[in-house]
Asker: 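Mind having a look at this structure? Questions to follow.
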Protein chains: 2
Amino acid sequence: MKVLIIEDDPLHRSYLHEAVRAALPECDGVVEAENGGAGERLARDWKSAHIVMDLQMSPRNGIEAARTIWKERPETRILFWSNYSDEAYVRGVSRIVPVGAVYGYVLKSASDDRLKLALRSIFIESQCVIDREVRGMQQKSLGNINGFTEAEYEILVDIALGLTDRAIAHRRSLSVRSVQNRLQQLYVKLGVYQPLGNQGDDGRFNLRARAVAVALLRKLLNHNALERAEADLTTWLARQPHN
Amino acid sequence: MKVLIIEDDPLHRSYLHEAVRAALPECDGVVEAENGGAGERLARDWKSAHIVMDLQMSPRNGIEAARTIWKERPETRILFWSNYSDEAYVRGVSRIVPVGAVYGYVLKSASDDRLKLALRSIFIESQCVIDREVRGMQQKSLGNINGFTEAEYEILVDIALGLTDRAIAHRRSLSVRSVQNRLQQLYVKLGVYQPLGNQGDDGRFNLRARAVAVALLRKLLNHNALERAEADLTTWLARQPHN
DNA sequence: CGGGACCTTGCGGGATCCCGCAGAAAAGAT
DNA sequence: ATCTTTTCTGCGGGATCCCGCAAGGTCCCG
């Protein structure tokens, strides 16, 4: 068995290396990559079916790398080892995991033992391991109590990118009014809605901008998610009939 | 000499501990804190004049901690040891460093030796040490070539928080029109400006929202900066004559 | 003192946003 | 098949945003 490590921080990388060697004595080869792009290449060359990677690298973050790796070989097992349990990350990962795939998500703050246990569970026992905290995030986001529909999330991303209602309507094949409806829902769910009528108020917010702000503060969006969205947007723009 | 380490990642913390011991044999005491709040308290109790800390912790990130520490004892020497050279961080730091204070900013990606050298320079030689990359950022941001005025940065933060023009005008004691002028400048500098006239275009952006998006993508703003700004905003709101 | 560079402010208008209202279409439920 | 619930859609209007135009104001330089 060979294991591929994709992690940009050298300290964490060597720690991971150590942990892998200790937890998986049957492992007979460990390779390291220090960003997503290199990771994809190594995964291809080595045909490695066992990967542990960080999210948040550059260039090519973990989610992008995982997507292309899984696209090429869906049975690959990936353990995500990340600092954060931002909803943006969790959602980003669960959006790209292939059906039936074995994967894991553990936080860097987890103990030594938990990491090693996760390694064995995923690579040997073929069992998914998701950190409690992350799992909580997942349920909050999927089970729609206080959670966001895919549609709502999508429109949130669109306004975060700075698109106008019309542009969004075009992109998502909707009428402008529908876009505005979704926006209204979003405002309500984010607790940004203005109860209407209090206009002497100086502390008034621009709902559209405010929505993005609270989404960022709540880590519903983060830098990574924005980057991915921006990339998607530009490719979409490129394939549009010019003007 | 005593040294205080403020860093949330245990791996990095122990690495730092090691580096301090190796670089500063004359040091006779190292204490560790794992977030800004604890760091402030320890700094007060220990009256430590030598601190090395991460930015990006929670609760109480490095900048907040440094501000209160420097407010209480401006001669404290602080080495910031961070993953990123985001303009938001660099600007945040240089905004709070007291005149004549000795401090440093080195990236975690720097070599072992550089870190140790920085430790000696700052704590022994009383000399500031700023990483090349960070220094570049600083000059780009202060030397106004492709840089942002304090005024422009301020208004950027305000729209990122979701304030309306009127609210900003009130907060900053300007007329609404002046706010809009500053916004226009900002749009130009961010390369978001719409040359006027092409209205058949579907790929149109909402300038206000788009400005925030590119600021985030360029790391002119980041999550930390937003949090600080949001905190400032709420205290400001609280002290306003109600409604 | 006059001229120039810069910032601020008001005015006006076109574009966009926000959203209540109500009919049409789609998806489920009984 | 019919009813209910949800979503999509157009219309209209008030608020906001974006910005060209032009009239001061301040500061500095010659």
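A note on names: the letters A, B, ... follow the listed sequences, proteins ahead of strands, and every chain is numbered from 1. Values below: all heavy atoms of this structure, side chains included; hydrogens, waters and symmetry mates excluded. All of these numbers come straight from a predicted model, not from anything done at the bench.
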Asker: Once the angle between the rings of A/Tyr84 and A/Tyr89 is folded into 0 to 90°, is it parallel (under 30°), tilted (30 to 60°) or perpendicular (over 60°)?
Answerer: parallel

Asker: At 10 degrees resolution, what angle do the end axes of the helix from C/dC1-D/dG30 to C/dT30-D/dA1 form when each is taken over five base pairs?
Answerer: 30°

Asker: Counting only heavy atoms and a strict 4.0 angstrom limit, can you tell me which residues of residues 180-188 of chain A come near DNA chain D?
Answerer: A/Asn181, A/Arg182

Asker: Quick one: which residue pairs count as a salt bridge (charged side-chain N to carboxylate O under 4.0 Å, His left out) with a foot in residues 151-160 of chain A, not counting sequence neighbours?
Answerer: A/Glu152-A/Lys189, A/Glu154-A/Arg172, A/Asp158-A/Arg171, A/Asp158-A/Arg172

Asker: Tell me, please, which residues at least two apart from A/Glu72 pass salt bridge (Lys or Arg N to Asp or Glu O under 4.0 Å).
Answerer: A/Arg44

Asker: With sequence neighbours left out, write down each residue that passes salt bridge (Lys or Arg N to Asp or Glu O under 4.0 Å) with A/Arg182, or none if nothing qualifies.
Answerer: none

Asker: Could you tell me whether A/Glu125 and A/Arg77 make a salt bridge, using a distance below 4.0 angstrom between a side-chain N and a carboxylate O?
Answerer: no

Asker: Among the candidates C/dC17, D/dC8, C/dT8, find the nucleotide nearest to the side-chain atoms of A/Ser178.
Answerer: D/dC8

Asker: We want to know whether B/Arg177 and B/Asn181 form a side-chain donor-acceptor pair, criterion being a heavy-atom distance below 3.5 angstrom.
Answerer: yes

Asker: The criterion is salt bridge (Lys or Arg N to Asp or Glu O under 4.0 Å); which residues satisfy it with A/Asp131, sequence neighbours excluded?
Answerer: A/Arg114

Asker: When you match B/Asn206 and B/Val176 each to their closest nucleotide on DNA chain C, which lands nearer the 5' end?
Answerer: B/Val176

Asker: Would you confirm whether B/Arg135, through its side chain, and B/Ile130, through its main-chain N or O, come within 3.5 Å as a donor-acceptor pair?
Answerer: no

Asker: Can a side chain N or O of B/Arg204 be found less than 4.0 Å away from OP1 or OP2 on C/dT16?
Answerer: yes

Asker: Has the side chain of B/Arg177 got a donor or acceptor atom sitting under 3.5 Å from an opposite partner on the base of D/dG24?
Answerer: no

